[in-house]
Peer 1: 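Got a structure here, written out as C-alpha cells. Questions coming.
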Amino acid sequence: MRTHMCGVLDVSHIGQTVSICGWVGRRREHGEHLAFVDLRDHSGVVQCVVDNNVDVRSEYVIRITGVVRARPEGTVNAGLPTGAVEIGECVVEVLNSAEPPPFPVDARADDVDESVRLKFRYIDIRRERMQRNLRVRSKINSAIRSEMESNGFVEVETPMLMPSTPEGAREFLVPSRKEPGSFFALPQSPQLWKQLLMVAGVDRYYQIARCLRDEDLRADRQYEFMQLDAEMSFVSQDDVLENIGRAVVAAAIAVTGEAPPEIERITWRDAMERFGIDKPDLRFGMELVELTALFASTEFKAFAGAACIKGIRVDAATYPEAAAYGRNKLDALTDRAKKIGAKGLVWMKVGADGAVDSPVAKFLTDSEREALVATMGAVEGDLLLLVADEWETTVEVLGQLRNDIGRPPVHEGPYRYVWVTEFPLFVGVDPVSGKPRPGHHPFCHPHPDDLHLFDSDPLKVRALAYDLVLNGWELGSGSIRIHEPELQRRVFNQLGISDEEADRRFGFFLQPFKYGAPPHGGFAFGIDRLAAILAGEENIREVIAFPKTQSGSDPMTNAPTPVESAQLAELGLRLLPPPASS
RNA sequence: GGUCCCGUGGUGAAGCUGGAGUUCACGCCGGCCUGUCAAGCCGGAGGUCGCGGGUUCGAGUCCCGUCGGGACCGCCA
C-alpha cells in the first residue's frame, strides 16, 4: 500500500511519486481548494497539500499518493524533520473514518488524566512518546538477547503454571478444572526452574521472563513485569556480575548510543554506612558522616552513649532551599525521622565563623561544635542533620532524609550503575520464632570467609548475594546458590526450619540437588525499570503497552471482571458473600 | 491495611470569604479564508461540578461517607 514511511521523507526524495499511509494529525484549511494535512505514522509526520474539498478529519486513516517536492521559499518548517518537503498533487484515499479522539494525539496528552489515557491506550500509543518508549523496550530486549546468546547463554522458556510455594511475594492462583480444589500458581520468578536447569546441565540459561506478583502496585511495580533472568554453572560471583553487566551495558548502548561509565561496586556495609540505604543513588553527595567517636564523651544526653551517631550536611551551595528551611520544614523533617524510627533529629544551622544555631547548641562544648563543623566540612549557610541511635536506625533515617532532600528524578543526569555486594545472609530476627530471617532467600550461599561465624554470630554472616542499582532504583538481584545439601540443611536449621519441614516445603526443589547439582549462581533484573530510566520516564507504566492502574485494574478492558457462575462451578469454586458493610 | 494529594462540557484549567452552571484555552460542528504548520477570523453546540448524605435561606465551594485516579508507607523471601 505504501512506498515510504511518513517521517523519513526529505529533500533526497524530491521528484519521487510516493504512497504513504497513516493517521490525519492536523488539518489546516485555506479556502476552497487548499488544505494542509499532517499525515502521521510511527516514524513521524509529513505535510500533504490537498484539495480542500476532500473530507478528512482528525485520526482518519488515509492513504496519500503524491509527489515529494521542496517547500516554497519561506515556508520550510525547521522544527519538523520532514519540514523541508511536502507532498503535492495528492490523491487521497480514505481507508477509514474516525470519531474525534478523546484527547490530543500529541505531547499535550501528557497532562491528560492517566486513567483516560489508559482507557484509550490504543490512541495514547499513537503518540510519539509512547511509540518511542515501546521501541526503547524492543531495543533493550533485542540487545540483551544478542549479548546473552553471544556469551553462550541459551534461552529456555519455563512454565507459567506451577505449584504454589508460599514463600515470598503473594502469588496469583489459577484454579484447576481437572482437580477442583487444587490450584496452580503463576511464577513470581523462574527461580526454581532455572536452578533445575543448572542441575540439568544447561550450563548457561537466560530468559526474558514474565513474572507475576500479587502485591500492591507502585511507580516501579506492576502485577506482571519482565525480567532478564539468568543462571550460570561453575562460576564465581565475578563471572555472574561480568556477564549480567555486559547485557545491561549492551542494552544501554542500544538505547542511548553510548556506553555508560563502568559499573561501580560497593559492599552492602559501605552502602549503608555512606548512603544509609541498600540501593544508593550515586548521582549526588550528601554522604553520611561518622560522628560517634567525636561525641564519645559528650554531656549532651541525646548523644551520650548512643551506639551510632552520624550526620549529613545539606550544602547551601547545592541545596539553597533545603539548607534555609524554616522551623516548620525542620519540624516536618523531624517528624519524618521519627516516623522512620529515630528517637529524634538534631538540626544545626551553620553561621559565620563556625557558629551554630540549634536548639541543642547549648548542650555542646565549644570543642565539640568546632570538631563537628570541621568533620562535616560545613560552611556558613549549611544545614546539618544528626541522628543518634542504633546503627540500623541512624543510617536508615539519614539515608531517607538524604534521598528526600537531594535525590533528582530517577531518569535525570548521568546513569550511575552500581553493584551492591555482600548482602547479609540473615536480616533481623523473627519476633515470634526468635530465629534469624533470610536476607534474600534461603538458597543464597553464605560468604566462605564468614562460615566460622555461622553458628556463633549468624547475623554477621555475609552472603554471596548482590543487587544491581541504577540511580537509586533496584534493577535486580542475584546470588551464588547453595548446591551442597549439608550446607543447605545448616541454613534451614538456622532459620528454624527442621529437616522434615524443609522436605515438606521445598522437597520437590531439594530432591534434584541430590542428583549432582553443579555450583551455580545467577541474577535477574527488571527490564521495565531499566527501560523507564533509559526512556527518561519516572514510571514503568509509560514503557508498558497495557499496564494496570495503581489499584490493579485496567480502565480499557475493566479487568478484573466477575465471571459466569457456570465457569465457577466448573472450577469447583463458590463465591463468599461480600463482606457486610457497616 | 495506612498517610497525603486530585476529581468542574471531549481535554486541560480558573472558580478567592458559600450567593444563578460562571469563565479561559484546546477540541468538536457550521461558515469564511490559496502557504499554513499545536494556522487565522466569525458563529454554534456541548456540563447531574465523580457519587451519596449533612450543615445552610442558599453548596462546585464547608463537613461526613463512598467511588475513581495518583504519590508514598506497610507489603514486594
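Labels below follow one simple rule: chain letters A, B, ... track the order of the sequence lines, proteins then strands, and each chain is numbered from 1. In this text the structure is predicted, and so the values were computed from the model without any measurement.
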Peer 1: Without hydrogens or angle criteria, can the side chains of A:Thr334 and A:Asp331 be said to hold a donor-acceptor pair below 3.5 Å?
Peer 2: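 Note: A:Thr334 and A:Asp331 side chains miss the donor-acceptor criterion.
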Peer 1: Considering every strand and a 4.0 Å limit on heavy-atom distances, what is the contact class for A:Asn52: base, sugar-phosphate, or nothing?
Peer 2: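 Base contact.
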Peer 1: Please work out if A:Arg170 contacts a base, only the sugar-phosphate, or nothing of the nucleic acid, heavy-atom cut-off 4.0 Å.
Peer 2: nothing
Peer 1: On the nucleotide B:rU36, are OP1 or OP2 found under 4.0 Å from the side-chain N or O atoms that A:Arg26 carries?
Peer 2: no
Peer 1: Between A:His4 and A:His13, does the ring centroid distance fall short of 6.0 Å?
Peer 2: yes
Peer 1: Can you tell me how the ring of A:Phe492 sits relative to the ring of A:Phe443, calling it parallel under 30°, perpendicular over 60° and tilted otherwise?
Peer 2: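 Rings of A:Phe492 and A:Phe443: perpendicular, as their planes differ by over 60°.
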Peer 1: Nearest-Å distance, CZ (A:Arg28) to P (B:rC41)?
Peer 2: 16 Å
Peer 1: Using the P atom as the reference point in each nucleotide, state the distance between B:rC24 and B:rG68 in Å, no decimals.
Peer 2: 35 Å
Peer 1: For A:Ala219, answer base if it contacts any base atom (sugar-phosphate contacts may also be present), sugar-phosphate if it contacts only those atoms, and nothing otherwise; contact means non-hydrogen atoms under 4.0 Å.
Peer 2: sugar-phosphate
Peer 1: Could you please name the partner base of B:rC29, counting Watson-Crick and G-U wobble pairs only when both distances are under 3.5 Å?
Peer 2: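 Partner of B:rC29: B:rG43.
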Peer 1: Please report the distance, rounded to the nearest Å, between CG in A:Asp111 and C1' in B:rC6.
Peer 2: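 Nearest whole value for this atom pair: 14 Å.
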Peer 1: Who is the Watson-Crick or G-U wobble partner of B:rG19, with both distances under 3.5 Å?
Peer 2: B:rC57
Peer 1: Tell me whether the OP1 or OP2 atom of B:rU3 has a side-chain N or O from A:Arg336 closer than 4.0 Å.
Peer 2: no
Peer 1: Taking the C1' atom in each of B:rC49 and B:rG12, what is the distance between them to the nearest angstrom?
Peer 2: 15 Å
Peer 1: Using a cut-off of strictly less than 4.0 Å, decide whether A:Ser551 has a side-chain nitrogen or oxygen near OP1 or OP2 of B:rG69.
Peer 2: yes
Peer 1: Round to a whole Å and report the spacing from CZ of A:Phe103 to P of B:rG9.
Peer 2: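 Spelled out: CZ on A:Phe103 to P on B:rG9 is 16 Å.
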Peer 1: Side chain of A:Glu215, heavy atoms from C-beta onward: which of B:rG35, B:rC76, B:rG12 has the nearest atom to it?
Peer 2: B:rC76
Peer 1: Where the side chain of A:Lys339 is concerned, which of B:rU3, B:rG1, B:rA71 is the nearest nucleotide?
Peer 2: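 That would be B:rU3.
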Peer 1: If only side-chain N and O atoms count, and only distance matters, is there a donor-acceptor pair under 3.5 Å linking A:Asp229 with A:Tyr205?
Peer 2: yes
Peer 1: For RNA chain B, whose closest nucleotide is more 5', that of A:Thr75 or that of A:Pro100?
Peer 2: A:Pro100
Peer 1: So does A:Ile527 get a backbone contact from the side chain of A:Gln227, meaning a donor-acceptor N/O pair under 3.5 Å?
Peer 2: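 A pair under 3.5 Å: no.
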Peer 1: Figure out the CG/P separation between A:Asn539 and B:rC72, and round it to whole Å.
Peer 2: 8 Å
Peer 1: Assess whether one donor atom and one acceptor atom, taken from the side chain of A:Asp113 and the base of B:rG12, lie less than 3.5 Å apart.
Peer 2: no
Peer 1: Rounding to an integer number of Å, can you tell me how far A:Glu59 CD sits from B:rU11 C1'?
Peer 2: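 A:Glu59 atom CD is separated from B:rU11 atom C1' by 14 Å.
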Peer 1: With respect to the side chain of A:Val112, which nucleotide from B:rG1, B:rU11, B:rG35 is positioned closest?
Peer 2: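 Nearest nucleotide to the side chain: B:rU11.
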Peer 1: Does the side-chain ring of A:Phe36 lie flat on the base of B:rU36, meaning centres under 5.5 Å and planes less than 30 degrees apart?
Peer 2: yes
Peer 1: Please tell me if A:Gln550 has a side-chain N or O lying less than 4.0 Å from either OP1 or OP2 of B:rA71.
Peer 2: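 For B:rA71, OP1/OP2 do have a side-chain N/O of A:Gln550 under 4.0 Å.
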Peer 1: Quickly work out the A:Asn558 CG to B:rG68 P distance and round it to whole Å.
Peer 2: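 So the CG-P distance, A:Asn558 to B:rG68, works out to 12 Å.
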Peer 1: Would one find a side-chain N or O of A:Ser553 under 4.0 angstrom from OP1 or OP2 of B:rG69?
Peer 2: yes
Peer 1: Determine: side-chain N/O of A:Asn77 to OP1/OP2 of B:rG35, distance under 4.0 Å, yes or no.
Peer 2: no
Peer 1: Determine the contact category for A:Arg127: base if any of its heavy atoms lies under 4.0 Å from a base atom, sugar-phosphate if only primed atoms, P, OP1 or OP2 are that close, otherwise nothing.
Peer 2: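 Touches nothing.
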Peer 1: So, under a plain 3.5 Å distance rule, would you say the side chain of A:Glu86 forms a donor-acceptor pair with the base of B:rG35?
Peer 2: yes
Peer 1: Considering only side-chain heavy atoms of A:Val49, which listed nucleotide, B:rG69, B:rG74, B:rG35, is closest?
Peer 2: B:rG35
Peer 1: Of all the choices, B:rU34, B:rC75, B:rC28, which nucleotide is nearest to the side chain of A:Arg218 once you look at every atom?
Peer 2: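 Output: B:rC75.
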Peer 1: Between A:Phe523 and A:Trp419 (judged by ring centroids, cut-off 6.0 Å), do the two rings come close enough to count as a pair?
Peer 2: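 Here the rings of A:Trp419 and A:Phe523 have centres that are less than 6.0 Å from each other.
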Peer 1: Among side-chain atoms of A:Asn52 and A:His33, is any donor-acceptor pair under 3.5 angstrom?
Peer 2: no
Peer 1: May I ask you to verify if any side-chain N or O of A:Ser115 is less than 4.0 angstrom from the OP1 or OP2 atom of B:rG70?
Peer 2: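 Answer no for this pair, as no side-chain N or O of A:Ser115 is under 4.0 Å from OP1 or OP2.
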Peer 1: Tell me: CG of A:Asp38 to C1' of B:rG27, nearest whole Å?
Peer 2: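 Interatomic distance, CG of A:Asp38 to C1' of B:rG27: 16 Å.
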Peer 1: At 4.0 Å (heavy atoms only), tell me whether A:Arg213 reaches a base, stays on the sugar-phosphate, or touches nothing.
Peer 2: sugar-phosphate
Peer 1: Could you work out which one of B:rG35, B:rC72, B:rG74 sits closest to the side chain of A:Asp216?
Peer 2: B:rG74
Peer 1: Under the 3.5 Å rule, do the base of B:rC37 and the side chain of A:Arg71 count as making a donor-acceptor pair?
Peer 2: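 Such a pair exists between side chain and base.
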Peer 1: Which whole number of Å gives the distance between the C1' atom of B:rA20 and that of B:rU66?
Peer 2: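 Those two atoms are separated by 29 Å.
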Peer 1: Counting distance alone, no hydrogens or angles: does the base of B:rG27 have a donor or acceptor under 3.5 Å from a partner atom on the side chain of A:Arg57?
Peer 2: no
Peer 1: What is the nucleic acid contact for A:Arg541, judged by heavy atoms within less than 4.0 Å: base, sugar-phosphate only, or nothing?
Peer 2: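 Sugar-phosphate, backbone atoms only, no base.
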Peer 1: Between B:rU23 and B:rG2, how far apart are the two P atoms, rounded to whole Å?
Peer 2: 42 Å
Peer 1: Taking NZ, NE, NH1 and NH2 as the nitrogens, is one of them in A:Glu231 or A:Arg481 under 4.0 Å from a carboxylate oxygen of the other?
Peer 2: yes
Peer 1: Between B:rC63 and B:rG31, how far apart are the P atoms? Round to whole Å, please.
Peer 2: 49 Å
Peer 1: Looking only at the side chain of A:Pro104 (C-beta and beyond, no hydrogens), which of the listed nucleotides B:rU36, B:rU11, B:rA71 gets closest?
Peer 2: B:rU11
Peer 1: Check whether the side chain of A:Gln47 and the base of B:rU36 form a donor-acceptor pair under 3.5 Å.
Peer 2: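 For A:Gln47, whose side chain was compared with the base of B:rU36, there is a donor-acceptor pair (under 3.5 Å).
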Peer 1: If we call it a pair only when both distances are under 3.5 Å in a Watson-Crick or G-U wobble match, what pairs with B:rG74?
Peer 2: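 Partner of B:rG74: none found under 3.5 Å.
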Peer 1: Rounded to the Å, how far apart are A:Gln227 CD and B:rC76 C1'?
Peer 2: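 After rounding, the gap between these two atoms is 12 Å.
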Peer 1: Would the distance check show the side chain of A:Thr75 and the main-chain N or O of A:Arg71 forming a donor-acceptor pair, the cut-off being under 3.5 Å?
Peer 2: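 Here the side-chain-to-backbone pair does not exist.
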Peer 1: Considering Watson-Crick and G-U wobble pairs with both distances under 3.5 Å, what does B:rG12 pair with?
Peer 2: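 B:rG12 is paired, partner B:rC24.
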Peer 1: Which residue lies toward the 5' end of RNA chain B, A:Phe443 or A:Glu396, if each is placed at its nearest nucleotide?
Peer 2: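 Mapping each residue to its closest nucleotide by heavy atoms, the 5'-most match is A:Glu396.
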